[in-house]
Amino acid sequence: MTKRVVLLEEGTAEMKGLMGSKGAGLAAMLQAGWPIPAGFIVTEEGCRAFCARRAPLSAEGAQEIGSAIQHLEQQSGQFFGDSLAPLLLAVRSSETCSRNTASQDLLHVGLNDVTVEGLARQTNDRQYALNCYRIFLQDYGQLVHDIPYALFEEKLEDISILDEANLEFAIAEYKRLIEERGYHPFPQDVQLQLKKAMRVISDAHRVLRPNSQQELLRKSSHFSDETQGAAVLIQMMVNGECGDHSGIGTVYSRHPGTGERGMTGDYVSSAASEGFNEGLDELRREEPEMYALLQDACGYLESRTNEVQEIQFAVDSGALYLVEISEARLTSKAALRSTVDLVDEGIITKEDAILRIQPWHVTEMMKTSSTLLPELQLLLEWADEIKALTILSNVDHPKDALKARALGAEGIGLCRTEQLLLSASRFPFVQKMILADSEAERKRGLERLLPMQQADFEQLFEAMDGYPVTIRLLDPPLHELLPDIERLNERGEHLALSKLEENNTEVQELDRVIRRVLELHEQYPLLGQQDCRLGTVFPEIYDMQLEAIFRAAVKGIRQGLWVRPEIMIPLVGNANELQDMRELVDHVADQVLGEEKRHCLYRVGARIEVPRAALTAAHIARHADFFSFGTDDLTQMTFGYSRHNTEKSFLHFAEQQRSMPSNPFQVLDIDGVGQLVEMALVQGRIRKPHLKAGICGENAADPASIAFCHRIGLDYVSCLPEQVPLARIAAAQAALLTEKQDHNENRQDVDISTIA
Ligand code: PEP
Ligand code: MG
């Protein structure tokens, strides 16, 4: 049978699975001779077996835990529940808490109405003993019964000094509060206290929710479901807060806020007067040996774990104890700085460094600073050496192109030209052109737009000199380009009231526009004339856009730029549509590029956004140099969910119901939409092995989606400029993890063949 109670001195660093990471760490420290308070671990299985029933500890639990406690009693000369020399225990989770959860401990387990007097005698400080009891009651009420801290605090509202009389009053009030809330009286039986503490600490580990600072949300049926609890660490209490030569403190092996090298932290000696605290300086001056020991411990722990460490320590009557040791929780800035420094110091490799970066480290840094922190810049350079995916950016406006480059984008993966054409100053020209009756009239509108579009592309090519600029030809649904019919009718009524002549030019023009809008009206505009279908109905628009692209290219080439236009045909659903559009592109290119054609290696590609395009990818690939998967629309069309207001709509509900593990617009739905992408890629590459392909939906910056893109062999992901750093790191992590996985699989293969 596996051990369910393990003394710290019996443990090793490798026993993390059984003892929890904290317990195994402390065991290793104890073995190496560091001053660790005596203690033992009750494994997760032990907690489950011993604490399941509502009655006192099960018989085997009482026996196994009893002998571990006896061991502590022998070492300390104190006895659990003894009135004269009570042994008090600290009960903690043996797992390190996640980033958003506070660690939950129950300290001074073993205090009751009798033992508190024993502690008072032992420490010669009754006020201290009573205060320990008060805090224990408060933590017990909060952790075991979910009674909010605020209710305990209310009991102290009229108390200004916590002297002995007031502490006795508070203790009585706290006990009453527990009963008033309908719970059993606070147990005077120390064994029962220990059982309740073990049970709640083991269970709390799995139900702590992010951002719940103090309040625990706990499922009612402890130990009844399949989820894992945690091993529990039970240690002898060390009294650092009373008596001479005592104190408590916390040190970090590096600064947890900035990541700066060198030990930092805090220390409060029990002798320090209120409001006057010299911190670690006092310890360095008064107890240089202890200070040096802490420094050594920091160095030792870092070299053993390769992580920044936090040590909580206590000085009890002149003796130093390392009470709790855990991986330090760092700000993003500190995490980045310390990671880079650990590489610099030869403790970890660049690859280790990349793998330990968490998405929030990058997103938080991007929120707080417009420029890249030097450490992040360095990590990104390392990431670029590792990653296989190219990171492009979705950039509509020339000003964003420079930002994207500065953040490391290797080109533009999506420029939505409607963002340029439908700006307030240009929209009237677009509308005029759409509403024109004749081709000649339409061309006149477009002539005004041509130089404006050309200027946009000139700036994009300049900002992205040497890198691809993927330009999507105009793709909004037609109805977005038309004037509102109700407003036109209102205007008509107004003119009618003015009794203008029928041949008045304004009246005639209004009638014409209304007629044209009604002609173009569609019942389901979002499934109607948009994207390349719009380009088929109004080919002059695409003509103009292509002319603008190639004119800008010629200008750029003549200025010495390396121009790489990639022309994206939106929402292709049929190979013939792409074939027609490709002919148009080649025709305009021939006409405009002239001499410069050999310097302008443009590409023509298909936007894959409807399931049919994915299903017929092999045919579409015949005419495509690249595939660009618009995963937002592809998700919308595949699921039949609107991509807008997903939080308010069904999706939110579905996530709550666990029928949807995550929002597929944020995290690519690998089982469904991902399969379409993979299938289209495979089919496309059978036709054209070097077909370039990537995604540029909202989920293109999500690390799990990026890992999928890497795995299936896409060439690029394209995301917003500010997401580019995160995507670079995620792409490198995907490459490293895949390599590791392949390596492990190969090793397994070798083993199998050896056996055979
Ligand atoms: C998409 O559909 O994934 C996309 C990025 O295109 P748009 O947002 O322009 O529809
Ligand atoms: Mg789209």
Side-chain angles (χ1 to χ4, degrees), residues 391-397 400 404 409 411-423 456 460 468-481 525-535 541-542 545 566-573 577-578 581 605-614 617 620 626-646 651 663-670 672-674 676-678 680-681 693-702 705-706 708-709 714-724 727:
I391 310 300
L392 305 178
S393 187
N394 296 350
V395 165
D396 301 327
H397 294 281
D400 293 331
I412 294 177
L414 173 64
C415 167
R416 298 170 168 97
T417 52
E418 65 272 19
Q419 298 293 341
L420 299 163
L421 272 186
L422 306 188
S423 66
D456 297 331
L460 290 178
V469 176
T470 314
I471 299 165
R472 183 175 72 187
L473 300 184
L474 193 66
D475 91 331
L478 179 59
H479 81 123
E480 282 184 16
L481 307 179
L526 290 177
L527 299 174
Q529 287 183 28
Q530 57 175 330
D531 312 285
C532 63
R533 293 174 223 147
L534 184 71
I541 304 180
Y542 282 8
Q545 288 196 298
E566 309 222 334
I567 293 146
M568 186 198 293
I569 309 301
L571 203 108
V572 171
E577 281 172 341
L578 183 64
M581 286 298 155
R607 181 80 164 158
I608 309 285
E609 289 194 319
V610 290
R612 192 181 191 283
I620 292 177
F626 67 91
F627 279 176
S628 163
F629 293 93
T631 43
D632 294 340
D633 276 314
L634 193 56
T635 300
Q636 171 167 273
M637 301 266 189
T638 305
F639 274 100
Y641 293 154
S642 163
R643 59 190 275 192
H644 303 290
N645 297 322
T646 49
L651 257 184
N663 180 340
F665 294 103
Q666 283 157 12
V667 180
L668 185 70
D669 159 49
I670 288 172
V673 181
L676 275 177
V677 172
E678 186 173 9
L681 180 70
I695 69 165
C696 48
E698 211 183 302
N699 40 30
D702 164 65
S705 311
I706 289 178
F708 173 75
C709 293
L714 284 177
D715 297 292
Y716 71 89
V717 298
S718 184
C719 53
L720 294 175
E722 57 275 21
Q723 295 172 327
V724 166

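As the structure is a computational prediction, the values presented were derived from the model and not from experiment. Indexing begins at 1, ligand by ligand and atom by atom, following the structure's order. In this chain, residues are counted from 1 in sequence order. The basis for the numbers below is simple: all heavy atoms, side chains too, and nothing from hydrogens, waters or symmetry mates.
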Taking only Lys NZ, Arg NE, NH1 and NH2, and the carboxylate oxygens of Asp or Glu, determine whether Asp633 and Arg643 approach each other closer than 4.0 Å.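 Looking at Arg643 together with Asp633, the answer is yes, because their closest N to O distance falls below 4.0 Å.
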Hey, is Glu698 touching ligand 1 through its side chain, its backbone, both or neither, going by heavy atoms under 4.0 Å?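 Glu698 to ligand 1: no contact under 4.0 Å from either part.
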Measure Leu414 to ligand 1 on non-hydrogen atoms and call it side chain, backbone, both or neither using the 4.0 Å cut-off.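 For Leu414, the contact with ligand 1 is made by the side chain alone.
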Under 4.0 Å from a heavy atom of Arg643: give me the atoms of ligand 1 that qualify, with their elements.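 Matching atoms, with element in brackets: 2 (O), 7 (P), 8 (O), 10 (O).
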Which atoms of ligand 1 sit under 4.0 Å from any heavy atom of Arg416?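 In order of number, 4 (C), 5 (C), 6 (O), 7 (P), 8 (O), 9 (O).
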Is there a polar contact, in the sense of an N or O pair closer than 3.5 Å, between Asp633 and ligand 1?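 Among all N and O atoms of Asp633, at least one is under 3.5 Å from an N or O of ligand 1.
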Could you tell me whether some N/O pair between Arg472 and ligand 1 is separated by less than 3.5 angstrom?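 Among all N and O atoms of Arg472, at least one is under 3.5 Å from an N or O of ligand 1.
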Asp475 N/O/S atom closer than 2.8 Å to the Mg ion (ligand 2):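 No.
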Quick check on the Mg ion (ligand 2): does Asp632 put an N/O/S atom closer than 2.8 Å to it?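 Looking at Asp632, which is the residue asked about, there is no N, O or S atom under 2.8 Å from the Mg ion (ligand 2).
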Name the residue from Thr631, Asp715, Ile695 that meets the side-chain contact (heavy atoms from CB on, under 4.5 Å) definition with Cys709.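 The passing option is Ile695.
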Identity of the N, O or S atom of Glu609 lying closest to the Mg ion (ligand 2):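 Closest N, O or S atom of Glu609 to the Mg ion (ligand 2): OE2.
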Only N/O/S atoms count here: what is the atom of Asp633 closest to the Mg ion (ligand 2) called?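 For Asp633, the N, O or S atom at the smallest distance from the Mg ion (ligand 2) is OD2.
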First locate atom [atom1] of [X], then atom [atom2] of [Y], and finally report the distance between them rounded to the nearest 0.5 Å.
X: Arg607; Y: Ile569; atom1: CZ; atom2: CD1; value: 12.0 Å
X: Gln666; Y: Asp632; atom1: CD; atom2: CG; value: 10.5 Å
X: Ile706; Y: Gln723; atom1: CD1; atom2: CD; value: 8.5 Å

N/O donor-acceptor pair under 3.5 Å between [X] side chain and [Y] backbone:
X: Arg612; Y: Gly573; result: yes
X: Asn394; Y: Cys696; result: yes
X: Thr470; Y: Ile412; result: yes

For [atom], find the nearest protein heavy atom and state the residue, atom name and distance (0.1 Å precision).
atom: atom 4 (C) of ligand 1; value: Arg607 NH2, 2.8 Å
atom: atom 3 (O) of ligand 1; value: Asp632 N, 2.8 Å
atom: atom 2 (O) of ligand 1; value: Glu609 OE2, 2.7 Å

On the 0 to 90° scale, with breaks at 30° and 60°, tag the Phe627-Phe629 ring pair as parallel, tilted or perpendicular.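 Phe627 vs Phe629 ring planes: perpendicular.
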